[in-house]
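Please read these numbers as outputs of a predicted model, since none were measured by experiment. What's counted below: heavy atoms across the whole structure, side chains too, no hydrogens, waters or symmetry copies. In what follows, every chain begins at residue 1, and chains take the letters A, B, ... in the order their sequences are listed.
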2 protein chains.
Amino acid sequence: MNSAVVPDTPRTPVSVTVDLVIFTVRDDALHVLLVKRGKEPFMGDSALPGGYVRPDEDLDAAALRELSEETGVDGRELRLAQLRAYGDPDRDPRGRVITVAYLALGPDLPDPVAGTDAADAVWVPTQEALAPGYGLSFDHGRILSDAVEEARSRLEYTTVAADFCREPFTISDLRRVYEVIWGTALDPSNFRRKVLRTAGFVEPTGERRTAEAGRPAALYRFGGATELYPPLLRSGDVLG
Amino acid sequence: MNSAVVPDTPRTPVSVTVDLVIFTVRDDALHVLLVKRGKEPFMGDSALPGGYVRPDEDLDAAALRELSEETGVDGRELRLAQLRAYGDPDRDPRGRVITVAYLALGPDLPDPVAGTDAADAVWVPTQEALAPGYGLSFDHGRILSDAVEEARSRLEYTTVAADFCREPFTISDLRRVYEVIWGTALDPSNFRRKVLRTAGFVEPTGERRTAEAGRPAALYRFGGATELYPPLLRSGDVLG
DNA sequence: GGCCTTAGAGTCAAGGTGACCAAAAAATCC
DNA sequence: GGATTTTTTGGTCACCTTGACTCTAAGGCC
């Protein structure tokens, strides 16, 4: 790929994998999908779902396939986006393995079905998975914390928060996503004003939903816009 | 890296490279560093500098090394950041090569010195390099245009624009960076106000510089902040 | 000095923001 | 049935930022 000095095909055995950080919001907490490793290294430990990129497969395609295999979710419904590549020489004891991490946000997804590849996949509160003692395999702790920060940032500048909400949803559903991921409390009235003024973020269905308590809320669906302009900057009070 | 089904070590011959998109502002135009390829494939064509990642080398280290080899610049002075990974199976005719693209912005760098690896490296106006007829090798056209968009975006939310300016610089130098990369005209007075109000973006040296014409401008150095809060959103008039 | 050029200060109206209040519309409890 | 609670939704208001604009400062050049 370069000019003269580099040998043409340095045959260092190197493998490429994709790893998926799949977030969802459950019980007012951010959860991440993890699998229990069935073999060495790190057998029995938790890890992000992922796997080898196949010989004739694009990186994005590999990520979509893994997402589908591990969770049964059709990734085309979600916005699967590259986070970054991780290539520390010592990150995998088996040898040189470079991984491309992807980030996907989904609505409260069904529990992984037994009998599939994802038999032992579980939703884990992100905070718990990041705790020092939890022991994520490889450098997945680092990847996960990068992904959390990236998700927080994407909420400011894009409409991904809507990916967390199954349609139709209420403005409050959307607000709760922001509050959970940012860890801050937002003023319901001001949040509502901002969301509705941003063209293409949400559009009303005309229906209403009556929850356990309180005035019934108007229902919305996603409006199709991907960018948030102006951005919705975080500056609320940090929740206890 | 995954659970049961995936074979342990799929020995698809796969190589990993880093490619560098190094921008600078010259003559009021964004330039990118390109090299002429000295061998097949794409011999004689232009390409982004880059090369194979060595067996025991981290991705970031490989990018720093290539930057230094190709341009003589100590990359630690710059902010070298990952753009994303590209892994289309057909992107390299030699076989499966996955590349991790990096983005670096530098002040008007010296012309590449002959006799080094970068003997045939040249600064090319980005617009020219992106023209359909220019014929960048591999998928480097795609990488470059992704990098341009990423640079535009980073100018909004980070202080990278200062990387383009050799210290000490004037507020107008900084403004010109924004104008060139965004392709918009900015109001000098309003731009100045925003830059000075953002803590840590620039700090005054107390000196002044008298240019070819006009009132001497106060000189500043970079203030150390990396994030720009609030962001400096682009909304100026598009330049002819 | 007169003129050109660029830097930098200031003004002002429009619009966005956060803090806050109040009404509407349901469920629940007495 | 009425009061209370809860959540949605609409509104106000003071403050700040923004963009457009004007005006002054300070150099070089003729």
Side-chain angles (χ1 to χ4, degrees), chain A residues 28 155-157 165 168-180 182 184-221 227-239, chain B residues 28 155-157 165 168-180 182-199 201-221 227-239:
Chain A
D28 288 341
L155 251 53
E156 295 187 298
Y157 305 118
C165 300
F169 54 86
T170 69
I171 302 276
S172 292
D173 291 339
L174 197 59
R175 176 168 49 84
R176 227 152 276 139
V177 170
Y178 276 89
E179 292 183 330
V180 163
W182 285 351
T184 61
L186 299 174
D187 182 273
S189 187
N190 294 337
F191 179 83
R192 172 191 178 73
R193 180 176 55 190
K194 290 212 68 168
V195 167
L196 291 180
R197 203 168 25 73
T198 304
F201 197 172
V202 299
E203 49 190 39
T205 65
E207 309 282 307
R208 330 190 120 256
R209 171 202 297 163
T210 163
E212 305 135 15
R215 171 175 174 174
L219 290 171
Y220 297 83
R221 72 175 71 87
E227 302 298 309
L228 218 43
Y229 227 75
L232 228 159
L233 303 175
R234 44 187 148 157
S235 61
D237 296 317
V238 176
L239 290 176
Chain B
D28 287 341
L155 250 54
E156 296 187 298
Y157 305 118
C165 301
F169 54 85
T170 69
I171 302 276
S172 293
D173 292 339
L174 197 59
R175 177 168 47 85
R176 227 152 274 141
V177 169
Y178 276 89
E179 292 183 329
V180 164
W182 285 352
T184 61
L186 299 174
D187 182 272
S189 188
N190 293 338
F191 179 82
R192 172 190 178 73
R193 180 176 54 191
K194 289 212 69 167
V195 168
L196 291 181
R197 204 168 25 74
T198 303
F201 197 172
V202 299
E203 48 189 39
T205 66
E207 309 281 310
R208 325 188 124 257
R209 171 200 297 163
T210 163
E212 305 134 14
R215 170 177 174 173
L219 290 171
Y220 296 83
R221 71 175 72 88
E227 302 297 309
L228 217 44
Y229 227 73
L232 228 159
L233 302 175
R234 44 187 147 159
S235 62
D237 297 318
V238 175
L239 289 177

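With the nearest nucleotide of DNA chain D identified for both G214(B) and R176(A), R176(A) has the one nearer the 5' end. Annotation: of the two residues near DNA chain D, P230(B) and E212(B), the 5′-most nearest-nucleotide partner is P230(B). Residue order along DNA chain C, read from the 5' end via each residue's closest nucleotide, puts I171(B) first among I171(B) and R208(A).
Using a 4.0 Å heavy-atom distance criterion, R209(B) is classed as making no nucleic acid contact. At a threshold of 4.0 angstrom between heavy atoms, the contacts of T170(A) with the nucleic acid are absent.
You'll find the side chain of V177(A) stays beyond 4.5 Å of the side chain of W182(A), heavy atoms only. The shortest distance between side-chain heavy atoms of L228(A) and E156(A) does not fall below 4.5 Å. Counting heavy atoms from C-beta on, the side chains of F191(B) and L174(B) come closer than 4.5 Å.
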Would you be so kind as to tabulate the donor-acceptor pairs closer than 3.5 Å made by side chains of residues 195-203 of chain A, with sequence neighbours excluded?
residue, atom, partner, partner atom, Å
T198(A), OG1, K194(A), O, 3.0

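Rounded to whole Å, atom P of dT7(D) lies 18 Å from atom CG of L174(A). What separates CG of D173(B) from P of dT6(C) is a distance of 13 Å, to the nearest Å. Distance, D28(A) CG to dT7(D) P: 11 Å, rounded to whole Å. Rounded to an integer number of Å, the gap from CG of L219(A) to P of dA26(C) is 13 Å. Protein atom CG of L233(A) is 12 Å distant from nucleotide atom C1' of dT17(D), rounded to whole Å. With rounding to whole Å, L186(A) atom CG is found 16 Å from dT9(D) atom P. To the nearest angstrom, P of dT8(D) lies 12 Å from CG of D187(A).
With dC20(C), dA26(D), dA26(C) as the choices, the nucleotide that has an atom nearest any side-chain atom of P216(B) turns out to be dA26(D).
One distance of note links CZ of R234(A) with OG1 of T184(A); it measures 9.0 Å at 0.5 Å rounding.
Within residues 190-198 of chain B, the residues having any heavy atom under 4.0 Å from DNA chain D are, by residue number, N190(B), R193(B), K194(B), R197(B).
A donor-acceptor contact under 3.5 Å is formed by the side chain of S189(B) with the base of dA9(C). Between the side chain of R215(A) and the base of dT7(D) there is no donor-acceptor pair of N/O atoms closer than 3.5 Å.
Between E179(A) and L186(A), the shortest heavy-atom contact is OE2-N, 2.9 Å.
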Derivation and outcome, side-chain contact (heavy atoms from CB on, under 4.5 Å), residues Y220(A) and D173(A): CA-CA 10 Å; Y220(A) 297 83; D173(A) 291 339; over 6 Å; no

